[in-house]
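All of these numbers come straight from a predicted model, not from anything done at the bench.
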Amino acid sequence: MKKKFLALLLAAVMVLSLAACGGDSGSGDTGDTGSAADVGQDAGGSTASDYPTKGITVICPWAAGGGTDSCLRAFSDAVGKQLGQTLTVDNRTGGGGIIGHQAISDADPDGYTIGMITFELSTYKPLGSSELTWEDYDLLCRVNRDPATVTVNAEWAAANNITDLQSYVDYCLAHPGDVQMGGSSNASVWHIAGGYLMQETGIDIQMITYEEGAATAVQNAASGFIQGVTVSLAEARNFIESGHLICLAVMDTERQELFPDVPTCQEQGFDVTYYVWRGMGVPKGLGDAELTALRNACAAAIETDEFIEYMQNAGLGIAYLDANEFGDFLQQNAEDVAASMEVLGLT
């Protein structure tokens with residue numbers, strides 16, 4: 001009799017224990033099958049699968065209103081919608097982008113501070129201005145790429161029978177050091193583009209720098225103060241459309257949607273490809289779950305209609321590469337940039 005009573009008591013205790021653990025399948029509770037450590041709970045009380053549980057700060061190394069800032073804000077909106085959280089851009093400017101790039105690298109690797117890394121990252125070590133390189137980040141993806149161009153003053157081109165890249169190169173070879181091409185500030189992307197053009201074609205041109213940026217270089221080329229520029233199509237667009245400038249070639253592997261009639265350098269027999277690029281990076285040491293979530297969100301965001309429309313309207317090129325492809329690209333880019341800087345006497 002005592003054994004039967006004890007058995008009934010034990011059964012009752014087991015039923016009560018199950019009820020306390022939420023054993024009712026109709027409640028929507030999946031039940032707790034292990035400790036916090038077993039399900040990947042972090043110090044803040046959330047699990048890796050919950051990431052992100054709050055807004056994310058996105059560091060921009062360049063000023064508000066510029067090309068990097070506008071590209072990043074559009075992309076951040078698209079990524080935020082994929083993650084279900086707000087991504088807030090924080091402009092950390094100064095030092096030719098070094099301050100912002102350093103801030104991304106130095107941030108806590110918790111997934112709540114990420115950033116946009118840009119072309120200038122490839123110039124810091126050759127210049128001796130910073131030890132930062134692309135290897136100081138875990139990569140998410142490349143977002144944008146815009147090629148340099150060979151764009152010249154229309155009147156000057158007509159007066160010298162320059163109609164394509166070959167005739168431009170022939171003229172420069174016949175007049176070494178005479179042709180002045182503008183970029184932007186010293187050691188900037190478009191300044192180095194001129195060095196790369198010289199390196200790959202064997203010409204000798206003067207690269208004129210403009211500390212205030214590419215806009216002034218384009219205006220001077222359109223007015224005839226210099227013979228041309230090596231900036232992007234988007235930056236030269238207005239003067240090309242007005243007929244003051246002619247774009248002879250784009251330094252890309254394919255023609256640009258903005259001006260589909262302009263051939264590439266490769267089409268004209270010169271293996272010259274050179275770009276400004278922008279991509280996403282995070283501090284080293286980010287957890288696998290967070291890294292995967294961010295990479296997946298970036299891959300989805302790049303294909304959204306809103307982001308595509310914005311980039312097309314802004315004249316900015318979408319050029320997605322996943323993390324591995326981006327790493328391969330950056331390794332080659334660092335080598336190419338260092339060689340071009342040497343041609344320009346910058347190193």
pair [X]-[Y]: side-chain heavy atoms closer than 4.5 Å:
{"X": "T118", "Y": "H101", "value": "yes"}
{"X": "N153", "Y": "H244", "value": "no"}
{"X": "T273", "Y": "T253", "value": "yes"}
{"X": "L316", "Y": "S70", "value": "yes"}
{"X": "R92", "Y": "Q102", "value": "no"}
{"X": "M181", "Y": "T151", "value": "no"}
{"X": "F259", "Y": "R237", "value": "yes"}
{"X": "D77", "Y": "L87", "value": "no"}

Counting N and O atoms only, with roles assigned by atom type, does the side chain of [X] sit under 3.5 Å from a partner on the main chain of [Y], one being a donor and the other an acceptor?
{"X": "Y171", "Y": "N161", "value": "no"}
{"X": "N144", "Y": "G317", "value": "yes"}
{"X": "T123", "Y": "E120", "value": "yes"}
{"X": "Q268", "Y": "L165", "value": "yes"}

**Request:** Check the pair I56 / I114 against side-chain contact (heavy atoms from CB on, under 4.5 Å), numbers first and verdict last.
**Result:** CA-CA 7 Å; I56 297 172; I114 65 176; 4.0 Å; yes
Hey, what do you get for [atom1] ([X]) to [atom2] ([Y]), rounding to the nearest 0.5 Å?
{"X": "I226", "Y": "W156", "atom1": "CD1", "atom2": "CH2", "answer": "11.0 Å"}
{"X": "I117", "Y": "C60", "atom1": "CD1", "atom2": "SG", "answer": "12.5 Å"}
{"X": "Q199", "Y": "S340", "atom1": "CD", "atom2": "OG", "answer": "4.5 Å"}
{"X": "T93", "Y": "D69", "atom1": "OG1", "atom2": "CG", "answer": "10.5 Å"}

Is it true that [X] and [Y] fall in one hydrophobic cluster, defined by side-chain heavy atoms closer than 4.5 Å?
{"X": "V58", "Y": "W62", "answer": "no"}
{"X": "L294", "Y": "L139", "answer": "no"}
{"X": "Y112", "Y": "V79", "answer": "yes"}
{"X": "V272", "Y": "W190", "answer": "yes"}
{"X": "L173", "Y": "I205", "answer": "yes"}

**Message:** Please tell me whether Y210 and H191 form a close aromatic pair, meaning their ring centres lie under 6.0 Å apart.
**Reply:** no
**Item:** F329-W134 aromatic ring centre distance below 6.0 Å
**Value:** no
Is it true that the side chains of [X] and [Y] contain a donor and an acceptor less than 3.5 Å apart?
{"X": "E235", "Y": "S232", "value": "yes"}
{"X": "D146", "Y": "Y275", "value": "no"}
{"X": "T149", "Y": "Y274", "value": "no"}
{"X": "R278", "Y": "T68", "value": "yes"}
{"X": "D271", "Y": "Q266", "value": "yes"}
{"X": "D170", "Y": "S167", "value": "no"}
{"X": "T264", "Y": "D252", "value": "no"}

**Request:** In sequence, state the C-alpha distance, the side-chain angles, and the governing distance for M341 and L127, and then conclude on side-chain contact (heavy atoms from CB on, under 4.5 Å).
**Result:** CA-CA 9 Å; M341 292 175 72; L127 283 172; 3.3 Å; yes
**Request:** State whether D322 and R142 are salt-bridged, where the test is any N-O pair (Lys NZ or Arg NE/NH1/NH2 against Asp/Glu carboxylate O) under 4.0 Å.
**Result:** no
**Request:** Could you tell me whether E135 and K284 have a side-chain N and a carboxylate O separated by less than 4.0 Å?
**Result:** no
**Item:** Full working for side-chain contact (heavy atoms from CB on, under 4.5 Å) between V229 and V152
**Value:** CA-CA 6 Å; V229 287; V152 297; over 6 Å; no
**Request:** Tell me, yes or no, whether the heavy-atom count around D288 atom CG, taken from other residues, nucleotides or ligands under 6.0 Å, exceeds 12.
**Result:** no
**Request:** Please work out which of the three classes, parallel, tilted or perpendicular, describes the rings of F326 and W277, given edges at 30° and 60°.
**Result:** perpendicular
**Message:** Please determine whether side chain to side chain donor-acceptor pair (under 3.5 Å) holds for the pair S122 and N333, giving the CA-CA distance in whole Å, both sets of side-chain angles, and the decisive distance to 0.1 Å.
**Reply:** CA-CA 7 Å; S122 295; N333 182 254; 2.8 Å; yes
**Item:** V282 vs E290, side-chain contact (heavy atoms from CB on, under 4.5 Å): CA-CA, chis, key distance, verdict
**Value:** CA-CA 10 Å; V282 297; E290 291 82 359; over 6 Å; no
**Request:** Check each of L321, I308, V143 against I302 using the side-chain contact (heavy atoms from CB on, under 4.5 Å) test, and report the only one that passes.
**Result:** V143
